[in-house]
> 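Got a structure here, written out as structure tokens. Questions coming.
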Amino acid sequence: MPLDSEKNLSNISNEDFSKLIDSTFNNNIKYEKQIIKGNIISVSKDNVTIDVGLKSEGRIPISEFNRPGKPSEIKIGDTIDVFLDRLDDNNGEIKLSREKAIKHASWENLQKSFKDGKRVIGTPFNKVKGGLSVDLDGVTAFLPGSQIDNKPVKDIKELLNKPMDMIILKMDKIRGNIVVSRKAIIEEERKEARDELINKIKEGSEIKGTVKNLTDYGAFIDLGGMDGLVHITDITWKRISHPSEYLKLGEEINVIILKFDEEKKRLALGIKQLSNDPWEGLENKFKIGENYKGKVSSITDYGAFVNLGEDIEGLIHTQDLSWVKKNIHPSKIVKLNDEVQIKLLEIDKDKRRISLGLKQCKRNPWDELKEKHKAGDIIETSIVNIVDFGIFIKISDEIDGMVHVSDLSWEENNDKKLSEYKKGQPIKAKILEIDAEKERISLGIKQLNSDPFEEIKKSFPLESLVTCEIISITDNGLEVKVKDNVVGFIKKSNLAKDKGEQKIERFAVGEKIDSVVISHDLKNRTLALSVKQKEIIEEKQAMSKFGSSDSGASLGDILGKVLGKKDK
């Protein structure tokens, strides 16, 4: 109840009145720093006015009546506990506090709970550095981030303004510090649930759980007291790259206990074991060599996986995707979810692998090509690509052939000739070779016409005598013109039989010289000539006509006769 403040002051002397005032002040001062009762007499926007039965009312900021997670408790006429801070402040008013009254009462209750190890109810209301500020019945406590939960919390803001059980870890009334833990409550509850779960665990039994975490190697399942791991290979009978393809965080699922390590308290779980193994009796469903339809379920660098139904998948290796498209990524041939027709090539039950072929469902286009074309055939088609070393031209929808740069023209400057061709240009070519095993077809354009060098070879056979004109002199020999568009070369070593007469300096450009053809240089498309060989041939002819070294005549005698005859 409020303090009595009204007295019948009539008929009291001044001396008695002074004593009465002193007595009243002395009686009231003992209430300072104490909790007293007061009545709410008015409420404004910023303050609440309280009558505590003293010479004046006190005002308390309205913010002290607002509690995190709780509705305001302001109501005119209510009697509440307040803390009397001072009887007379600088403004002539008494100083009251609702917050201190609540804290004073709460501290006593919290200390008792701390001493007895009992739980308290706290409401997090603000995120601070390192954790959360928590309201404990009017007292602010600190909840460290490490004590919020036994697992990482994704969004800490979701915990704000929600009452929850906590344990007080530390209290310091002098400093006004309280540290609490929510994690301790969770771990205690999990320990109780874990102990209960361990008593029920039995390998082979089915149990419900919640997907707690997903990793590259599997999924952790919360069984309501302890966690178990489902390895990625035990999630489903079909092949998956990551558990997220099959499971979602927070999803409730049934699992089977595969193994329990009591010493390490580890649980190995399985999901696929709850359904029948689709590989059982597989030989009755699929036959090697038969064609089947399936859907492309995933694509890798080494091939494409195809779902054949009932969680059965097979692999089309890159080498079995196409007869003609080599060294390209499988995604260039098939797309995810494509429905394809494939041939079953092999079943390996031990390794649980099925090999499939896409190209095997079609005839090898190289076999068709060999039936349709042969070496020597002339085809009319178009250019599909031009590279530094030649031209690729279309043979069929799936096969391209190549004209090497050396087969463009009989002329020497083929690089210049290559620049005359354009992609998409119609073109005619002759098939030079079909190599189905290596999957190559060689073509030529210059072969459409006869080789002009063949005519030169006929006109200038080996050991035929020619008179030619020197057109250039090099350190290695002489370049000569035999005829229009026909050139030859005489090496330095072939200039004369006598080494002393093989000097380059004795020849001049424009000089005419006799020589014989010693070879046809197909690579350089020139005639290889020799003055020395001409002399040797002439010597042999002379020896044959006028005698030999066996008859006793010397070479000088024979040459003398030859020369004498010529003079005559």
Side-chain angles (χ1 to χ4, degrees), residues 145 148-159 183 186 190 193-194 197 201 203-261 264-279 282 294-318 321 329-340 342 351-354 356:
I148 294 175
D149 207 325
N150 62 346
K151 61 179 182 294
V153 179
K154 287 186 177 181
D155 188 1
I156 204 170
K157 292 181 180 180
E158 293 183 357
L159 302 175
K183 177 181 176 180
I186 295 172
R190 283 187 64 84
R194 182 169 61 249
L197 180 64
I201 283 177
E203 291 184 6
S205 59
E206 185 177 340
I207 190 170
K208 188 180 289 292
T210 304
V211 179
K212 181 180 180 180
N213 191 26
L214 299 175
T215 68
D216 291 339
Y217 54 86
F220 286 93
I221 310 299
D222 183 356
L223 302 177
M226 64 186 301
D227 296 340
L229 172 66
V230 182
H231 194 269
I232 188 170
T233 57
D234 290 315
I235 292 177
T236 176
W237 291 110
K238 69 179 183 180
R239 192 194 67 87
I240 57 174
S241 302
H242 195 272
S244 59
E245 297 176 27
Y246 196 86
L247 299 171
K248 294 180 181 179
L249 286 175
E251 178 184 4
E252 276 198 357
I253 58 170
N254 289 331
V255 294
I256 190 170
I257 298 173
L258 302 179
K259 187 177 181 182
F260 175 50
D261 188 332
K264 296 181 180 180
K265 297 293 187 290
R266 289 181 181 175
L267 277 172
L269 309 174
I271 299 174
K272 73 179 185 181
Q273 288 80 2
L274 293 172
S275 59
N276 294 327
D277 184 355
W279 280 78
L282 189 70
K295 182 178 286 187
V296 178
S297 56
S298 63
I299 298 174
T300 68
D301 292 338
Y302 53 86
F305 285 90
V306 176
N307 189 345
L308 301 175
E310 299 181 11
D311 286 342
I312 295 293
E313 285 186 331
L315 172 66
I316 308 174
H317 196 272
T318 49
L321 283 168
H329 197 271
S331 60
K332 300 292 184 181
I333 300 176
V334 294
K335 303 296 181 186
L336 202 62
N337 296 321
D338 275 357
E339 288 192 358
V340 293
I342 42 79
K351 295 181 179 179
R352 301 175 76 88
R353 293 177 183 173
I354 295 178
L356 306 173

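Fair warning: this is a prediction, and the values are worked out from it, not measured in the lab.
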> Can you list every salt bridge (Lys or Arg N to Asp or Glu O under 4.0 Å) pair that touches residues 212-228, not counting sequence neighbours?
Arg190-Asp222, Arg190-Asp227, Lys212-Asp227
> Taking Glu252 for its side chain and Lys208 for its backbone only, find out whether a donor-acceptor pair lies under 3.5 Å.
no
> Which pair of heavy atoms, one from Ile342 and one from Leu356, lies closest together, and at what distance?
CD1-CD2, 3.9 Å
> Kindly indicate whether a cation-pi arrangement holds for Arg239 with Phe305, taking the cut-offs as under 6.0 Å to the six-membered ring centre and within 45° of the axis.
yes
> Please identify each residue that fulfils salt bridge (Lys or Arg N to Asp or Glu O under 4.0 Å) with Asp149, with sequence neighbours left out.
Lys151, Arg182
> Any side-chain to backbone donor/acceptor pair from Asp277 onto Trp279? Under 3.5 Å, distance only.
yes
> Find out whether Leu269 and Asp234 are in side-chain contact, i.e. whether some heavy atom of one side chain is under 4.5 Å from a heavy atom of the other.
no
> How far apart are the closest heavy atoms of Leu214 and Pro243, and which atoms are they?
CD2-CB, 4.0 Å
> Please name the pair of heavy atoms, one in Asp301 and one in Thr318, separated by the smallest distance, quoted to 0.1 Å.
O-CG2, 3.7 Å
> Applying side-chain hydrogen bond (donor to acceptor under 3.5 Å, both in side chains), run through Glu313 and Ser297 and close with a yes or a no.
CA-CA 8 Å; Glu313 285 186 331; Ser297 56; 2.7 Å; yes
> Dump the intermediate steps for side chain to side chain contact (heavy atoms under 4.5 Å, CB included) on Leu223 and Val255, then the final yes or no.
CA-CA 10 Å; Leu223 302 177; Val255 294; 4.2 Å; yes
> Taking the side chain as C-beta and beyond, is there a heavy-atom pair between Lys238 and Ile312 under 4.5 Å?
no
> Could you check if a side-chain atom of Asn337 sits within less than 4.5 angstrom of a side-chain atom of Val296, using non-hydrogen atoms only?
no
